[in-house]
Amino acid sequence: MNELELAQFAAPAAQTLLTTMLTDGWQLVKGRLVRIVSGRGGDPQSAGQSLDDLRQRAIADDSPEAREQRRSEVFALLCAVISRDPDAIMPLRELLNEVEANSASIDAEKIHQNATVRDNGVNFQQISGTQNYGSS
């Protein structure tokens, strides 16, 4: 994998992983990511601690500048992992595909929107649940 391909993979992957760090789904992803980051013969405890530290910094400061810094850190981590072990890209891709599939289905399940028409105006109210469109 050349540098351009690595960057094209790692940039959106970093954003996806950073977003996941800030959700309840992080604990499901963390174990697998720790194994990928620590690699063969690496220290999973150290990798886990580094990821936990990164997550805590992301939670503590959610400013746009801090988010960009955290995203850059995840990007650098992914680049280092793949450079060290090019075979790591396959489990990373699998993990990212699952994260994206799960977040898409969860987001779709959470949305519920009501529309009420009064005096030729439409009032929308966002509620958690499901979203159904239909005519009556």
Side-chain angles (χ1 to χ4, degrees):
M1 173 175 281
N2 66 38
E3 288 182 24
L4 178 60
E5 292 170 327
L6 178 58
Q8 288 174 332
F9 170 78
Q15 183 61 49
T16 298
L17 290 173
L18 181 60
T19 300
T20 303
M21 282 182 180
L22 301 174
T23 68
D24 293 337
W26 172 242
Q27 292 306 318
L28 298 173
V29 171
K30 179 186 167 192
R32 287 176 62 190
L33 188 58
V34 164
R35 286 190 296 278
I36 295 167
V37 169
S38 62
R40 295 178 214 129
D43 180 9
Q45 186 172 356
S46 175
Q49 186 60 51
S50 294
L51 290 170
D52 284 339
D53 292 346
L54 178 61
R55 180 176 190 250
Q56 289 305 315
R57 290 193 312 273
I59 291 170
D61 187 352
D62 193 31
S63 69
E65 298 82 14
R67 275 193 308 262
E68 181 57 30
Q69 177 62 37
R70 300 297 87 77
R71 191 198 62 73
S72 294
E73 290 176 42
V74 176
F75 176 84
L77 173 67
L78 293 175
C79 288
V81 166
I82 295 168
S83 293
R84 180 186 72 229
D85 179 11
D87 291 338
I89 195 146
M90 289 310 296
L92 272 170
R93 279 192 173 132
E94 290 170 6
L95 177 61
L96 291 166
N97 287 340
E98 289 176 29
V99 167
E100 289 169 354
N102 287 338
S103 67
S105 66
I106 290 169
D107 289 344
E109 291 172 7
K110 286 183 183 178
I111 299 170
H112 179 79
Q113 191 171 31
N114 289 336
T116 307
V117 178
R118 289 190 194 128
D119 301 321
N120 295 326
V122 179
N123 178 22
F124 286 95
Q125 181 179 9
Q126 192 76 30
I127 305 171
S128 65
T130 59
Q131 187 169 7
N132 296 311
Y133 292 101
S135 59
S136 51

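Bear in mind that the values here come from a model prediction, so they are computed numbers and not experimental data. Because only heavy atoms are used, hydrogens play no part in the values below, and waters and symmetry mates are left out as well, while side chains stay in.
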About how many Å separate [atom2] of [Y] and [atom1] of [X], when rounded to the nearest 0.5 Å?
{"X": "R55", "Y": "L17", "atom1": "CZ", "atom2": "CG", "result": "13.0 Å"}
{"X": "E100", "Y": "T20", "atom1": "CD", "atom2": "OG1", "result": "8.5 Å"}
{"X": "L92", "Y": "N97", "atom1": "CG", "atom2": "CG", "result": "10.5 Å"}
{"X": "S50", "Y": "Q45", "atom1": "OG", "atom2": "CD", "result": "11.0 Å"}

Within the distance-only criterion (no hydrogens, no angle test), does the side chain of R84 pair as donor or acceptor with the backbone N or O of V37 below 3.5 angstrom?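 Here the side-chain-to-backbone pair exists.
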Is there a donor-acceptor pair closer than 3.5 Å between any side-chain N or O of E5 and the backbone N or O of N2?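 Yes: the side chain of E5 pairs with the backbone of N2.
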Steps toward salt bridge (Lys or Arg N to Asp or Glu O under 4.0 Å) verdict (R70, D61): CA-CA 10 Å; R70 300 297 87 77; D61 187 352; 5.7 Å; no
Between [X] and [Y], what is the shortest heavy-atom contact and its length?
{"X": "P12", "Y": "A7", "answer": "CD-O, 4.3 Å"}
{"X": "V34", "Y": "G48", "answer": "CG2-CA, 3.6 Å"}
{"X": "A11", "Y": "R71", "answer": "O-NH1, 4.3 Å"}
{"X": "M21", "Y": "V74", "answer": "CE-CG2, 4.2 Å"}
{"X": "E73", "Y": "L54", "answer": "OE1-CD1, 3.1 Å"}
{"X": "A58", "Y": "L18", "answer": "CB-CD1, 4.0 Å"}

Greater than 12 external heavy atoms within 6.0 Å of Q27's CD: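 It does: Q27 CD has more than 12 such atoms within range.
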Does a side-chain heavy-atom distance below 4.5 Å link [X] with [Y]?
{"X": "L78", "Y": "V81", "result": "no"}
{"X": "R32", "Y": "E94", "result": "yes"}
{"X": "D87", "Y": "R40", "result": "yes"}

Evaluate L77 against L51 for side-chain contact (heavy atoms from CB on, under 4.5 Å), listing each step before the verdict. CA-CA 10 Å; L77 173 67; L51 290 170; 3.8 Å; yes
Applying the side chain to side chain contact (heavy atoms under 4.5 Å, CB included) test to L33, which of L95, V99, L96 qualifies?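 So the option named by the test is L95.
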Under a 3.5 Å threshold, yes or no: a donor from one side chain and an acceptor from the other, between D52 and Q56?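 No, no side-chain donor-acceptor pair sits under 3.5 Å.
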Hydrophobic cluster identity match, I36 and F75, side-chain contacts under 4.5 Å: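 In one cluster with I36: F75, no.
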